[in-house]
2 protein chains.
Amino acid sequence: MPKRRKYDEAPPCAIVATLNLINGRWKGVVLYYLLTKGTMRFNELQRHLPGCTPRLLVKQLRELEEDAFITRTVYAVVPPKVEYALTDEGRTIGPILLQLNEWGAGWLERRGLRQKTARAA
Amino acid sequence: MPKRRKYDEAPPCAIVATLNLINGRWKGVVLYYLLTKGTMRFNELQRHLPGCTPRLLVKQLRELEEDAFITRTVYAVVPPKVEYALTDEGRTIGPILLQLNEWGAGWLERRGLRQKTARAA
DNA sequence: CTGAATCCTTGACGATACTG
DNA sequence: CAGTATCGTCAAGGATTCAG
């Protein structure tokens with residue numbers, strides 16, 4: 001049994017399935033960054049996610065990799081260098097991520113919780 | 001302290017904020033049903049969510065209500081009758097829900113996990 | 001019919017420290 | 001730099017029963 005995430009019991013419901021895929025404290029944003037800023041290294045990614053511990057970041061990245069959304073490329077150099085990039089599959093949710101961002105920005109504004117720019121974090 | 005959901009510490013990050021709003025085992029589908037099938041009663045809703053206990057359904061509905069996505073209308077009759085409907089605010093995520101559904105359907109298919117129709121559950 | 005009450009499990013996530 | 005290891009917390013969700 002190769003590790004189950006809580007909702008791998010996902011019924012054949014498209015919406016539930018999709019949401020489960022991007023469930024996780026930072027998955028959505030990670031994908032968004034890789035989408036809008038391109039390939040990134042581990043630390044680079046982490047710097048963009050204030051409050052995200054390496055432990056958690058690793059876990060979410062591994063899950064995204066499992067789900068074929070991103071690739072993980074290790075370079076045999078010192079100091080170590082690992083790059084994360086979107087796959088073609090990962091790129092297919094791009095439009096949704098952009099919409100989530102846009103809608104969320106509007107929502108935050110309606111709530112009076114201004115954010116200065118349209119940045120994702 | 002009026003009850004906190006785990007991620008109410010949501011940073012002013014639009015994507016994270018949005019995902020947190022529809023996080024929850026059934027929230028997405030509930031919204032989808034209310035969007036595509038219109039106003040629904042409690043039991044009606046539950047019948048569409050196999051495996052969802054009333055306890056959980058109530059909770060998620062209350063949260064959606066708190067977030068102004070849906071309204072809860074109680075009719076003073078016996079037996080009780082309560083109707084849930086999307087608000088205008090709730091309707092604004094409609095496009096995203098539809099896209100989530102569509103993308104998810106494609107994903108499930110690519111995964112070989114056929115679903116017969118385009119139904120959401 | 002629409003929940004509320006109670007009790008319980010679990011896994012998502014956090015803090016801190018350490019390493020090749 | 002890119003993680004592991006270890007320990008701990010806590011809220012999400014499950015099961016069951018009861019009630020207006």
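So you know, we letter chains A, B, ... as the sequences are listed, proteins then strands, and number each from 1. Computed from a prediction, not measured in an experiment: that's the story for all the values here.
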*Asks:* For the side chain of P80(B), counting heavy atoms from C-beta on, which of dG3(D), dT2(C), dG13(D) is nearest?
*Replies:*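 Looking only at side-chain atoms, P80(B) lies closest to dT2(C).
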
*Asks:* The side chain of V82(A) is closest to which nucleotide in this list: dA15(D), dG3(D), dC1(D)?
*Replies:* dG3(D)

*Asks:* Would you mind reading off the distance between Q46(A) atom CD and dA15(C) atom C1', rounded to a whole angstrom?
*Replies:* 13 Å

*Asks:* Within the pair R72(B) and dG3(C), is there a side-chain N or O less than 4.0 Å away from OP1 or OP2?
*Replies:*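 So the side-chain polar atoms of R72(B) do come within 4.0 Å of the phosphate oxygens OP1 or OP2 of dG3(C), strictly under.
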
*Asks:* dC7(C), dC13(C), dG3(D): which one has an atom nearest the side-chain heavy atoms of R55(B)?
*Replies:* dC7(C)

*Asks:* Just N and O in the side chain of Y84(B): are any of them under 4.0 Å from OP1 or OP2 of dC1(C)?
*Replies:* no

*Asks:* Would you please confirm or rule out a distance under 4.0 Å between OP1 or OP2 of dC13(C) and any side-chain N or O of Q60(A)?
*Replies:* yes

*Asks:* Phosphate oxygens OP1/OP2 of dA2(D): is one of them under 4.0 Å from a side-chain N or O of R47(A)?
*Replies:*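 No, R47(A) has no side-chain N/O under 4.0 Å of OP1/OP2 on dA2(D).
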
*Asks:* Which nucleotide in the list dC1(C), dG14(C), dC1(D) gets nearest to the side chain of R25(A)?
*Replies:* dG14(C)

*Asks:* In whole angstrom, give the distance that lies between atom CG of L56(B) and atom P of dT10(C).
*Replies:*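 Whole-Å distance recorded here is 17 Å.
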
*Asks:* Which nucleotide in the set dA15(D), dA2(D), dT2(C) lies at the smallest distance from any side-chain heavy atom of N43(A)?
*Replies:* dA2(D)

*Asks:* Separation of N20(A) atom CG from dA12(C) atom P, in whole Å?
*Replies:* 11 Å

*Asks:* How long is the line joining CD of E63(A) and P of dG3(D), in whole Å?
*Replies:*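 Taking atom P of dG3(D) as the reference, CD of E63(A) is at 15 Å.
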
*Asks:* Give the intermediate values and the outcome of side-chain hydrogen bond (donor to acceptor under 3.5 Å, both in side chains) for residues T92(A) and W103(B).
*Replies:* CA-CA 8 Å; T92(A) 64; W103(B) 184 90; 2.9 Å; yes

*Asks:* To the nearest 0.5 angstrom, please state how far the CZ atom of F69(B) sits from the CG atom of L34(B).
*Replies:* 12.0 Å

*Asks:* Within this structure, what is the CG-to-P distance between L61(B) and dG13(D), rounded to whole angstrom?
*Replies:* 13 Å

*Asks:* Got a salt bridge between K37(A) and E44(A), using NZ or NE/NH1/NH2 to carboxylate O under 4.0 Å?
*Replies:*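 Salt bridge flag = no for E44(A) with K37(A).
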
*Asks:* Find the distance between CD1 (I70(A)) and OG1 (T87(A)) and round it off to the nearest 0.5 Å.
*Replies:*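 If we round to the nearest 0.5 Å, I70(A):CD1 and T87(A):OG1 are 8.5 Å apart.
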
*Asks:* Rounded to whole angstrom units, what separation is found between the CD atom of E83(A) and the C1' atom of dG3(D)?
*Replies:*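 Atom CD in E83(A) sits about 16 Å away from atom C1' in dG3(D).
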
*Asks:* Without decimals, in angstroms, what is the distance between L57(A) CG and dA2(D) P?
*Replies:* 11 Å

*Asks:* Checking contacts here: which listed nucleotide (dA15(C), dA12(D), dG3(D)) is nearest the side-chain heavy atoms of K59(B)?
*Replies:*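 Nucleotide nearest to K59(B)'s side chain: dA12(D).
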
*Asks:* Rounded to whole Å, please give me the gap between CG in L49(B) and P in dG13(D).
*Replies:*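 After rounding, the gap between these two atoms is 13 Å.
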
*Asks:* Any side-chain N or O of R62(A) under 4.0 Å from OP1/OP2 of dG3(D)?
*Replies:* yes

*Asks:* Above 12 or not: heavy atoms from other molecules or residues under 6.0 Å from CD of E83(A)?
*Replies:* yes

